Structure formats: structure tokens, C-alpha cells
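Every heavy atom of this structure was used, including side-chain atoms; hydrogens, water molecules and symmetry mates were not. If you're wondering where the values come from, they're calculated on a predicted model, not measured in any experiment.
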Number of protein chains: 2
Amino acid sequence: MSNRRDAVHAILRQSEGFRSAQDVYAEMRAEGAKIGLTTVYRALQALADIGHVDMLRTDDGESVYRACASGHHHHHLVCRTCGRTVEVAGPAVERWAETVGSEHGFTEITHTVEVFGTCASCSEALKMAGASSSF
Amino acid sequence: MSNRRDAVHAILRQSEGFRSAQDVYAEMRAEGAKIGLTTVYRALQALADIGHVDMLRTDDGESVYRACASGHHHHHLVCRTCGRTVEVAGPAVERWAETVGSEHGFTEITHTVEVFGTCASCSEALKMAGASSSF
DNA sequence: GCGACTTTGACAACGATTTTCATTTACGCG
DNA sequence: CGCGTAAATGAAAATCGTTGTCAAAGTCGC
């Protein structure tokens, strides 16, 4: 019973962007892995706890996870159409967060920053499909 | 049947920080308002759509709403202990988001920024209560 | 007042996540 | 080596916020 965490982590590592728990579960089952949904959730949470994966909530309330290339702090730039993700560092934001925090007397400041946009290829694609937004 | 949206909006206006839909619903019922959960959700969404309230997801996937003092873009500095919220503007972040976005060929850039921290009074309080966290 | 359209709200449906609990597995100990 | 205990696992049920359905009630123009 090798730690299923490793199996789950492996899936995330071979994935490009963020994956939902259900998604990871589905893929593992598809690959023939014998694992339960419960275990996937537990593994994902454990992984997130020890900082081996990033975890965030999508706008529709689903938790998505991603194996980070590095353990250091960074943010994500996500294409709202195709989901492509780019890791970005933002010293400016870090400093800004610290600053506004302390200005208001806050300590132990953390922050959540997600940048969304439409990536080059998707905006191309949209230009064609669009033009019919009547509202 | 005056628009229930107004009633819902009123609740948010007289609230300090973010309120969950269920929370708002509970308060309205407590005040004697005859309104259904469904309607609260619909009102909240409508309000969020037209930008009269801010909407974001808490870490446990709940949607929370808040009537903004202004309609313009800003972010929030939230005390992770008492929930006190301060609206902060961050031109630096706006620019940064735009920059990293375009650097990667992204367009129509939006961003989510939430800053969390422990406010002055809470960190005081925690200092005393603390000292016993063995894990 | 009547009819068409909109809003409302009770309740069911949904879906993601968590909990429960019995089973299986790992592993130290006798 | 077999046993017992504790941890891990997974199937299914429970939870809970949110959304959809649909009939009843309200609004408005005629």
C-alpha cells in the first residue's frame, strides 16, 4: 500500500494546469489505478498541507490543484478560455500587499492573487466566433 | 412586490464585512422579511452582475457578498481573525497585473487580489491566548 | 376585471466535498 | 511465523451550498 499520495502527486506533475479532484480521480481510474475518490481528496489535501501542490477555488466553487514546479511563492496567470496557466512572480505585489497591510496595522500578511485573461491563441479564436453578442 | 433586490442590498449595506447568502437570508427572516432563499440568491447574483456588490468565494467554497462603498475597482484587506475588512486601492497591482498579462500575450486581463492578515487588535488578543499552541 | 408577463418562493435536484465505517494492509511484537 | 493493533483505504451515505423547476401571486396595460 504505497502512499497513494505519491500516485496523486504524479498525476498532477504530468498535468499542465490545474486539475480538479474529480478530474484527477477520473484520470487515475482511467489509467487503471485502483483508488477511491475519498483517497484522492485526502491525498490532495495532504499534499496541499505540506505545500507540494497549489490549491485554489475556481469561480464555481470547485477546488483545483496543481503541482508546482518550485516550492517558492508565486502567482498564476490563467487563460479564462483554455485554462492555460503560467506561473508568474510579482515582487511588486508582494511588497504592495505588505505595505497596505502594515499601513492598516495588520500583521502576518498573506495574499491571494490570481490574474485571468484571454491568451493570444484564444483571443484569436474568439474574434471569429464572437461578433454575435447581441446582449 | 418591490424588488427584493433592494431589500437584499439594504442588508448588505448595513453590514460591516462580507456576508454569505445563507447569512443574509437568515437575517432577513429574523427581521421578519418574507423572502425565500432562492430569491436571496437571485438578488445577490443580480446585484453582483450589475456591480453593486462584490462577490468572492471563501476558502471553503462559500460565496460571500458585500455592498461596496464605491462602484470603482478596489481590493480587500481582511483580518483573518475578526473578519474586519478594509477596502484598499492598489494602482501598483493593477499595473502589475496588466504587465505580466501582456508580457505573456494575454488580453482582457482581470485579477483577483485579496490580502489577509491579522489586525492590530486581534494580534494583541492572540499574543495572550497563544503561548499554548503545542501543535 | 382580464390576460400576459414577471417575480417570487417552496421544494426538489445537483454536485462537490466530507464523514462514516467496515475492510484491508503494514508492521512491530511475542 | 502468526497475531494484534493502528493507519490507510474506499464505497456509500450524509452534508451543504447553490441552482433549477414550477405553480402561485403580483404588476401592468387594456
Ignoring hydrogens and angles, write down the donor-acceptor pairs under 3.5 Å from the side chains of residues 36-49 of chain A, residues two or more places apart or on other chains.
| residue | atom | partner | partner atom | Å |
| --- | --- | --- | --- | --- |
| A:Tyr41 | OH | A:Gln22 | NE2 | 2.9 |

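Put simply, CE on B:Met55 is 12 Å from C1' on D:dT19, counting in whole angstrom units. If you measure from atom CZ of B:Arg19 to atom P of D:dT18, you get 14 Å, rounded to the nearest angstrom. Protein atom CG of A:Leu44 is 9 Å distant from nucleotide atom P of C:dT17, rounded to whole Å. Going from atom CD of B:Gln22 over to atom P of C:dG9 covers 16 Å, rounded to whole Å.
Within 3.5 Å, no donor on the side chain of B:Arg42 pairs with an acceptor on the base of D:dG20, nor the reverse.
Of the residues in residues 23-39 of chain B, B:Arg29, B:Lys34, B:Ile35, B:Gly36, B:Thr38, B:Thr39 come within less than 4.0 Å of DNA chain C through at least one heavy atom, sorted by number.
Within 4.0 Å (heavy atoms only), A:Glu62 reaches sugar-phosphate atoms of the nucleic acid but no base atom. Residue contacts shown for A:Ser63 are limited to sugar-phosphate atoms, with no base heavy atom under 4.0 Å away.
The closest side-chain heavy-atom distance from A:Val88 to B:Glu103 is not below 4.5 Å. Put simply, the side chain of A:Arg66 does not reach to within 4.5 Å of the side chain of A:Leu12, judged on heavy atoms. At least one side-chain heavy atom of A:Leu77 sits under 4.5 Å from a side-chain heavy atom of B:Phe106.
Residues satisfying the side chain to side chain donor-acceptor pair (under 3.5 Å) criterion with B:Ser15, sequence neighbours excluded, are B:Arg19.
For the OP1/OP2 pair of D:dT19 and a distance below 4.0 Å, the side-chain nitrogens and oxygens of B:Tyr41 include no atom meeting the criterion. For A:Gln45, no side-chain nitrogen or oxygen approaches OP1 or OP2 of C:dT17 to under 4.0 Å.
Between A:His111 and A:Glu98, the side chains place no donor N or O within less than 3.5 Å of an acceptor N or O (distance only, hydrogens not considered).
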